[in-house]
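Report on one structure; see the data block that follows.
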Amino acid sequence: MVYAPTTKSDKSAEGEFLSLAEASGISHSILFKTTVRKINPRFYIGAGKIEELKVLVSDQKPDAIIFANHLAPTQERNIQNEVNCPVIDRTRLILDIFAQRAQTYEGKIQVELAQLKHLSTRLVRGWTHLERQKGGIGLRGPGETQLETDRRLIGKRIKKLNEKLSKIVIRRDRELLRRGKNLLDTVSIVGYTNAGKTTLFNRLCNENAFAEDLLFATLDSKVRSLNLAKDEKILISDTVGFVSDLPIDLIASFKTTLNEAIHASVLLHVIDLSDKFWEEKMKYVNKVLKDIGAHQIPQICIFNKIDICDDEVLLDAADFGFKDKVFISAEIGTGLQNLIGLIRKKINDEKIISNELEKHLA
């Protein structure tokens, strides 16, 4: 595995890279670290480091080289040809994890769509099967290249998958309309991957959805009902976790899943307080929410995993500038009643604001 940050070594990014590798099922690995001050357009890393990598590959004979960074198609191909070993960049690593995690029909479609979009940028000339075919009877000149055939077939498959997703979007829109008619508020759980979102979802809704100490343990969104009080019911959804430098194709492909967050009345932003880089990850989640148009939805900041945090960390978080925040341990259930009370208050406050706005506009 090659960890090559473009600046000085970042322990947070390095740890996340190793966690991604673990989540993909890699059982044995060697970490090759280098700092990239200026990106080499040919290899991403410097030519000298490529020579070191060649020696390492020759000695260790790995099945593949995994880069912590996103590589351009030409960089991926150049490195692979130079060191004579398959190369996987960050995007393909995340796609592989998503492919393993997808369980539902929708999730599988979204993962395949993202994979095909990524693959279409990696189709290059020079493979042994890319020789020109002969033209058919009645056709002048050579037939299309295998490369063109591959691109055409991938394009057709992408079109078909987009059509399937469009039908899912229509079904979801109908479901959202039905919720609106039934006046059911929706609360969506968002946050960085492995922050404890699904554990919280299970606690609140008495569910047993898969939750594990792995990145992207949850991929498919789930929606369940939650009774806040007598005759006061809401819907709560669990969404896919975010990660830094999430490939743009993945964000686009999972738009139908992320719609649960876009149309929510309130967002529950779960933060792993035991992670010393929680502020950085919180900012990244808010950036993605802005990118998908969900940044104006009211948030409740949920500081999770307080059972494994010391007093100093708790005090620092308590001083953090959030109006609506709550401290919980989803694992053991601490603070959940406070959270439910805050959700109820936040929803009712937003209804009052909405009603006042309607009266003003009328």
Side-chain angles (χ1 to χ4, degrees), residues 16 19-20 23 94 97-98 101-104 106-107 110 186-226 234-244 246 250-251 254 256-275 277-289 292 294-295 297-309 317 322 324-336 338-340 342-343 346:
E16 184 172 278
S19 295
L20 284 170
I94 294 175
I97 297 170
F98 272 46
R101 298 282 189 270
Q103 298 295 323
T104 65
E106 178 185 353
Q110 291 175 128
T186 301
V187 172
S188 188
I189 303 176
V190 298
Y192 210 81
T193 183
N194 209 28
K197 299 183 304 301
T198 301
T199 302
L200 175 60
F201 177 84
N202 287 340
R203 280 281 182 181
L204 291 174
C205 303
N206 196 25
E207 287 288 315
N208 59 354
F210 178 70
E212 191 62 59
D213 187 19
L214 287 172
L215 300 188
F216 303 119
T218 300
L219 184 59
D220 303 300
S221 64
K222 295 169 289 295
V223 181
R224 298 291 185 271
S225 62
L226 172 65
I234 65 169
L235 296 178
I236 186 165
S237 66
D238 183 20
T239 60
V240 62
F242 301 142
V243 68
S244 63
L246 194 65
L250 271 180
I251 296 175
F254 278 80
T256 57
T257 299
L258 295 173
N259 271 345
E260 291 293 345
I262 297 171
H263 293 96
S265 303
V266 174
L267 298 178
L268 305 183
H269 187 164
V270 182
I271 297 169
D272 179 2
L273 195 54
S274 68
D275 186 339
F277 302 104
W278 65 263
E279 286 188 55
E280 176 185 327
K281 294 179 177 180
M282 176 202 66
K283 290 176 182 177
Y284 181 77
V285 171
N286 284 328
K287 177 183 178 300
V288 176
L289 290 174
I292 66 174
H295 59 294
I297 299 174
Q299 280 191 30
I300 293 176
C301 174
I302 301 175
F303 288 112
N304 189 28
K305 305 186 183 181
I306 62 172
D307 54 310
I308 54 175
C309 295
F322 277 113
D324 298 302
K325 58 177 178 283
V326 63
F327 293 80
I328 72 164
S329 169
E331 183 67 28
I332 64 177
T334 303
L336 292 190
N338 292 336
L339 172 59
I340 291 174
L342 186 55
I343 293 172
K346 190 70 175 174

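For the numbers below, each heavy atom of this structure counts, side chains included, while hydrogens, waters and symmetry mates do not.
Between Cys205 and Ile236, the closest heavy-atom pair is SG-CG2, 2.9 Å. The heavy-atom pair separating Ser188 from Ala261 by the smallest distance is OG-CA, 3.6 Å. Across Ser274 and Lys305, no two heavy atoms sit closer than the pair OG-CD, 3.8 Å. The two residues Val326 and Asn338 make their nearest non-hydrogen contact at CG2-CB, 4.0 Å. The two residues Ala23 and Ile97 make their nearest non-hydrogen contact at CB-CD1, 4.0 Å. Residues Leu273 and Ala317 come closest through the heavy atom pair CD1-CB, 3.7 Å.
The distance from the CZ atom of Phe327 to the CD1 atom of Ile271 is 9.5 Å, given to the nearest 0.5 Å. Expressed to the nearest 0.5 Å, how far CG of Leu226 lies from CG of Leu204 amounts to 5.5 Å. Note that CD1 of Ile343 is 6.0 Å distant from CD1 of Ile302, once rounded to the nearest 0.5 Å. In this structure, His269 NE2 and Ile300 CD1 are separated by 12.5 Å, a value rounded to the nearest 0.5 Å. Of the inter-residue distances, the one linking Leu339 atom CG with Ile328 atom CD1 reads 6.0 Å to the nearest 0.5 angstrom. A distance of 10.5 Å separates OG of Ser329 from CG of Leu200, quoted to the nearest 0.5 Å.
At least one donor-acceptor pair closer than 3.5 Å links the side chain of Arg203 to the backbone N or O of Glu331.
Look at Lys197 and Asp238 and you find no salt bridge, because none of the NZ, NE, NH1 or NH2 atoms lies under 4.0 Å from a carboxylate O.
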Asp307/Thr334 under side chain to side chain contact (heavy atoms under 4.5 Å, CB included): CA gap, chis, key distance, verdict: CA-CA 8 Å; Asp307 54 310; Thr334 303; 5.9 Å; no
Worked verdict on Gln110 versus Phe98 for side chain to side chain contact (heavy atoms under 4.5 Å, CB included): CA-CA 9 Å; Gln110 291 175 128; Phe98 272 46; over 6 Å; no
Stepwise side chain to side chain contact (heavy atoms under 4.5 Å, CB included) test for His263 and Thr186: CA-CA 8 Å; His263 293 96; Thr186 301; over 6 Å; no
Leu289 and Asn286: CA distance, side-chain angles, deciding distance, side chain to side chain contact (heavy atoms under 4.5 Å, CB included) verdict: CA-CA 5 Å; Leu289 290 174; Asn286 284 328; 3.9 Å; yes
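For Tyr284, there are no ring pair (Phe, Tyr, Trp, His ring centres under 6.0 Å) partners at least two apart in sequence or on another chain. Residues passing the salt bridge (charged side-chain N to carboxylate O under 4.0 Å, His left out) test with Lys281 are Asp275, sequence neighbours excluded. Residues forming a salt bridge (charged side-chain N to carboxylate O under 4.0 Å, His left out) with Asp324 (at least two apart in sequence, or on another chain): Lys346.
Between Asn194 and Asp272 the shortest side-chain heavy-atom distance does not fall below 4.5 Å.
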